[in-house]
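Scroll down for the structure; my scribbles are underneath it.
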There are 2 protein chains.
Amino acid sequence: MAPPQSHDPSKQNAVDMNNARAATSTSVSDVRHFLHNGAAHWRKREQISQILSSDPLFDKSKRTFATRKELYIRGQALSNRLYELQEVHKWSSEETKLALSIIDEGLPVGMFRCTFEPVLRLQASPELLSKYGALIASKGILGCYLQTELGHGTNVGRLETTATYIPETREFEIHSPTLSSTKWWIGALGKTATHGVVQAKLILPGGKDMGPHLFFVQLRCLDTHKVLPGRVIGDIGPKALAGYPTTDNGFARFDRVRIPKENMLSKFAGVTDAGEYITPPHAKLSYGGMLYIRSGMVTGAGWLIGKGVTVAIRYATVRRQGEIGSDGLERQIITYPSLNVRLIPIISRAYVFVELGRALTRGFNTLARDLSSGDTSQLAEMHMMTSGLKVLVSTTGIQDLETARRSMGGHGYSAFAGVGRMYADYVPAATYEGENYVLDGQVLRAALKSFRSVVAGGAPTTTAAALSPTSYYLRLLLDKNLLPPELGPASWKQPATPILLLEWRAALLVHESAQTIGEPDASATQRVSRAVTEAFVAARVGEMIQGVGNTLKPREADVVKKVYLLYLLTTVESALVDLLSFGLFRAVPMGNPPRSRDPTRELRLAIAALCGELLPEAIGLTDAFGFSDWELDSALGVYDGTAYEALWKKVQEEPLNQTEVTEAYEASIKPLLMRGRRLAAKL
Amino acid sequence: MAPPQSHDPSKQNAVDMNNARAATSTSVSDVRHFLHNGAAHWRKREQISQILSSDPLFDKSKRTFATRKELYIRGQALSNRLYELQEVHKWSSEETKLALSIIDEGLPVGMFRCTFEPVLRLQASPELLSKYGALIASKGILGCYLQTELGHGTNVGRLETTATYIPETREFEIHSPTLSSTKWWIGALGKTATHGVVQAKLILPGGKDMGPHLFFVQLRCLDTHKVLPGRVIGDIGPKALAGYPTTDNGFARFDRVRIPKENMLSKFAGVTDAGEYITPPHAKLSYGGMLYIRSGMVTGAGWLIGKGVTVAIRYATVRRQGEIGSDGLERQIITYPSLNVRLIPIISRAYVFVELGRALTRGFNTLARDLSSGDTSQLAEMHMMTSGLKVLVSTTGIQDLETARRSMGGHGYSAFAGVGRMYADYVPAATYEGENYVLDGQVLRAALKSFRSVVAGGAPTTTAAALSPTSYYLRLLLDKNLLPPELGPASWKQPATPILLLEWRAALLVHESAQTIGEPDASATQRVSRAVTEAFVAARVGEMIQGVGNTLKPREADVVKKVYLLYLLTTVESALVDLLSFGLFRAVPMGNPPRSRDPTRELRLAIAALCGELLPEAIGLTDAFGFSDWELDSALGVYDGTAYEALWKKVQEEPLNQTEVTEAYEASIKPLLMRGRRLAAKL
């Protein structure tokens, strides 16, 4: 008889990965350049990534075992080194930003870039900027953005911190009147920042409350880093799931802290020396900073999802389990439809978000130009769009990272799998920069407003051509000749059907919502917001499908088109309750005995078939993201596929394994065993 | 003018909690006794909880800041103390089990109880039990259950570890032939256990492979705790999301380790001295242990969900945000329907799972008696039921904990909120004790088997009365006179409609699945498994509603009935895709311009209305779970409602806050600032 063991799964790992890579039909390099917005961008990224990963300071092998305090201290060392490297390599601001995103360790300096700097740049007076601009840009001072309070988050209008104007001295007095007015959750405030932009209610002489405005306040001494008098500042402690350990989210209380009048961010609103209010040209002008952050969240979500799914796809390629396949071995788990229909759509969402975010950032740059010249005409639309997209990408991204982690079974729950860390750092995205449920409400209100002006306004004269991209779906309610698509087996081969279905769903849901506004059900807001956003995204994906041939060669374009189509089909699948409710999928009538057929079956089969077609491309499509092993920091997602060996190696570094007998033995285990033996002897 | 600040949210917290508690219309004590299976059980629990919480060793205030190694060592101290207390207070085995569940720190001793001990008790020979039984019961030895390997999880049939019988010496040789055969993820193996039950392929003389069997193997020396020769053992490192830090999940490799023949767990299968196989009476007899674990998971999920939702409900009661209510203050967030329709259904799931798990454990005790006398007639049904329920409760529980955490907005992401820790510890439940997707497959196969024997078997002679509870829904396919319920506004007032709908959904989905078995879509398995399980649970909930009046007084029974009804309605809501697909909800035909109405609207309104009715009871219903502040360990979920003060107090203990200027200043922040100032000066 043959020896009981003739096949070694650990050795098979690398073979399977090699074979999968060889089977990819596309040029990974071409697709990579496409994703990275051109070969030049990609080469720049690769170069920076190599500089960072070869620097011993950026080694990640110990961080899994460190305390949060150690991780914070390490993070500061990384930040300092980053700007050292910036000087050495003469990186531009854009290149340093790229380096920061490659490092991906939640560094507090990332906070300065994302919130403090843009807010200041958009809203500070030219005088304030000329005084601090260079210092801020060069990190001569470190800032943070103090908005949220212990007692108030998304509802900025009810913040309690006050900034009372004192005309006698031309000063503002920043004050925290209650415990709940303590600024809270402020990134980089806890132990790092020297300055901050404080969101506070402007109180004019006589006590008139003008609502939230922004004030530039020094927090720590520039010579000693000690907290300045009148401020009580600290770190708010560890985050759930051990997320974001490197960032010192902090709290701050102000006890009548005086700042000069010039420190108000007064580009749009201000106070005269006498204490009279200078009205801003647009009430929502100060939302500019938040819009910038949100538009970056779309691309960011794309890359992050891409990271998680790269790990999961690689592991699913080398993990074999269950049925015996044609090669006489257990099947690679990625070949199971129940698994690949979960993972391959995640690739499609990463591809769509990367491209979509890029378009959005272009839109923001236009908006920023408009805003700085006082033109607010695009603000409302941009606001709605970014709100809806922020909800969509954060909800989807959180879910996709968890799906990717869970697809790896038991080993996905190891810290060394790496995807859990991505999830822990990303999950607050559902809450920060606008709580998702609150944002949904804003999208709903904007959608109803468009509906009323376009459709319900007596005799509608609006033409489809005049509709903005965010309300283009409303054309379906304008023209009686437009009908929902008829569904047949061929419906799922081309993008037009899912796009039109998703637009119809948005139109009918908004219509329904307008009819029932007096008694909305509790989930109407979420459904409408999602429908409107997905209709917008679907149309954009349609444009991407049309445009991809301009950038990629036919073979690669064909594969990426399928990836985009998959995005559309899985979006339709997730919208089935709405589509079925509004009769957009025809339910087959039942007899008894029932001979019903499931009307959703053809869609589901089409998704499975498309995933099957993309299966041989999965390794190539994820390789195209271009994440190095150092970036992924995942034993299960190593490039060469040797997941079991990588996991074995990692495990040896666990602190508990550095002594054969644990310290707990003498203290606790031995007494437990001795008592047990004594008791057993009595039985 | 009024001063800008006249109201202090921190002071309001306690007022709001007091008011909410006063508004509860039920006797919390009555409902608590109901949940805890009687006043005597509750008092016992309360007494043990007080003993534990007043013991300084069980203090939790430092654990949030500890390393994993420190948490492991602390966990061992807790375990030792637990058994010391057992001796002091003369606790029964059941009482110690209760204490362990109250401690809720993922102690490795919990692993012994859950896996090692039951497996040994069910499957060891009387001789082996007489030798080790007393030692095991008294913790004179500490065991673990070694099943999963680096290369194989759920697919037990392909485990690589071998146990080769050597007739010459009457020994088995336990061996790990490859890296991937390393035992992995084994709870309490890493640094604690002295013995283990090893799952290994039994190889008979001549090389015949008899598949997996169980063997009792000593791992560490009882005098020194050193690992015995031939074993390589260690901890597998930290878990994702910092979950389960106290448990030393471990790995083990065996290099031809010899054990005596008596150490095979041979109650049902064995080997003669000469090396011939003794066939077990039932191939699946050895699944008994896993069934026991799974039945415990239902009740466990109920209590855990209850814990998470207690925190969220309390915080939502004292947190005020957004619109101004009739009291002139911002509304308590729990009054927003978009929030309370997320939270109150979680209460309903906790109530249902606690009661359902209790019924299931009773069923298991019967099964265990049957099995030990060789009767396996109930095994298949129990197996299907526990598989489906394990998937249902783990999927639901994970989701509910995350919903509860996220409902608390930003503060929900603080480690001090406590719910993140519950989530991190619970999320692997989707994978352990049977990966959910794999279990779904087992449920599907069992359901199709029942369908074929009951319905499709030519002329069906089966009567509804003869159907088992798990396939009772199939009666709907037997009798042509049975029709789906007609839906109207009154449909959602009584349990019969949702139960019948869910049974119809199961029947039609299984029917559809049987028709399309040759070309199943990729999600059919999950849909069928869920439908069949939810039909079973719905019928049980119907029984609970009928029975609750026997235990509770009318007022309390009325409230608990509403809680149960809410469970049914939200289950229907989550099943809408299936119900709509199969025409069980009638979609209204569209015209143009569309005047469609959403057929799901009445259900959604009914859910919102029921949540509204239960809103004043939410604090009472969660107080009734009986969790003390020490048990919850949550700043946001404190009993008296003073969430902001509790959070403030917690934050002061953060290690980063123990020095005013961080150690990172001299090393990293100062150089960064100095460089920045130098560069700024050049600009």
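To find a chain, count down the sequence lines: A is the first, B the second, and so on, and within it residues start at 1. Owing to the predicted nature of the structure, the values given are computational and were not obtained by experimental measurement.
For the pair Tyr413(A) and Tyr432(B), the minimum side-chain heavy-atom distance is 4.5 Å or more. Between Gln76(A) and Thr662(B) there is no side-chain heavy-atom pair separated by less than 4.5 Å. The shortest distance between side-chain heavy atoms of Asp521(A) and Thr600(B) does not fall below 4.5 Å. The shortest distance between side-chain heavy atoms of Leu679(A) and Lys139(B) does not fall below 4.5 Å.
Interface residue Ala667(B): only backbone heavy atoms are found under 4.5 Å from chain A. Looking at Thr194(B), only its side chain comes within 4.5 Å of chain A, counting heavy atoms on both sides. In this structure, the portion of Trp185(A) lying under 4.5 Å from any heavy atom of chain B is its side chain and not its backbone. Arg81(B) does not touch chain A: none of its heavy atoms, backbone or side chain, sits under 4.5 Å away. Residue Thr525(B): no heavy atom, backbone or side chain, is found under 4.5 Å from chain A. Heavy atoms of Glu653(B) lying under 4.5 Å from chain A are absent altogether. Heavy atoms closer than 4.5 Å to chain A are found in both the backbone and the side chain of Leu222(B). For Val341(B), the part sitting under 4.5 Å from any heavy atom of chain A is the side chain, from C-beta outward, and nothing else. Heavy-atom distances place the side chain of Glu87(B), and not its backbone, under 4.5 Å from chain A. Within the 4.5 angstrom heavy-atom criterion, only side-chain atoms of Thr431(B), from C-beta onward, approach chain A. Contacts of Thr182(B) with chain A are made by side-chain atoms alone, with heavy-atom separations under 4.5 Å and no backbone atom involved. Only the side chain of Gln652(A) comes within contact range of chain B, with at least one heavy atom under 4.5 Å from a heavy atom of that chain. For Tyr644(B), the parts lying under 4.5 angstrom from a heavy atom of chain A are both the backbone and the side chain.
Counting heavy-atom pairs closer than 4.5 Å to chain B, the top-ranked of the candidates Ala608(A), Cys611(A), Pro655(A), Gly409(A) is Gly409(A). Annotation: maximal heavy-atom pairing with chain A below 4.5 Å, among Met674(B), Glu663(B), Glu519(B), Lys650(B), occurs at Glu519(B). By number of non-hydrogen pairs under 4.5 angstrom with chain B, the leading residue of Arg68(A), Glu402(A), Glu330(A) is Glu330(A). Your options are Glu435(A), Lys226(A), Arg421(A), and the one with the most heavy-atom pairs under 4.5 Å with chain B is Lys226(A). Chain B forms the most heavy-atom pairs under 4.5 Å with one residue out of Gly322(A), Ala242(A), Ala417(A), and that residue is Gly322(A). Counting heavy-atom pairs under 4.5 Å between each of Arg406(A), His152(A), Glu84(A) and chain B puts His152(A) at the top. Of the listed residues (Gly153(A), Ser180(A), Ala522(A)), the greatest number of heavy-atom pairs within a distance under 4.5 Å of chain B belongs to Ser180(A).
Within the model, atoms CH2 of Trp184(A) and NE2 of His411(B) stand 7.0 Å from one another, a figure rounded to the nearest 0.5 Å. For the atom pair CD1 of Ile236(A) and CG of Leu647(B), the computed distance is 7.5 Å after rounding to the nearest 0.5 Å.
Of all heavy-atom pairs spanning Phe416(B) and Pro238(A), the tightest one is CZ-CD, 3.8 Å. The shortest heavy-atom contact between Val651(A) and Asp235(B) is CG1-O, 3.2 Å.
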### Message
Checking Asn657(A) against Phe251(B) for the side-chain contact (heavy atoms from CB on, under 4.5 Å) test, could you report, in this order, the C-alpha distance in whole Å, the side-chain angles of both residues, the deciding distance, and whether it holds?
### Response
CA-CA 11 Å; Asn657(A) 293 337; Phe251(B) 65 83; 4.1 Å; yes
### Message
Between Glu654(A) and Lys191(B), does the salt bridge (charged side-chain N to carboxylate O under 4.0 Å, His left out) criterion hold? Intermediate values first, please.
### Response
CA-CA 12 Å; Glu654(A) 158 64 41; Lys191(B) 306 306 287 184; over 6 Å; no
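The aromatic rings of Tyr423(B) and Tyr423(A) lie parallel to each other, with less than 30° between the two planes, well short of the 60° mark.
The neighbour count for Gln526(B) CD, taken as heavy atoms of other residues, nucleotides or ligands under 6.0 Å away, is above 12.
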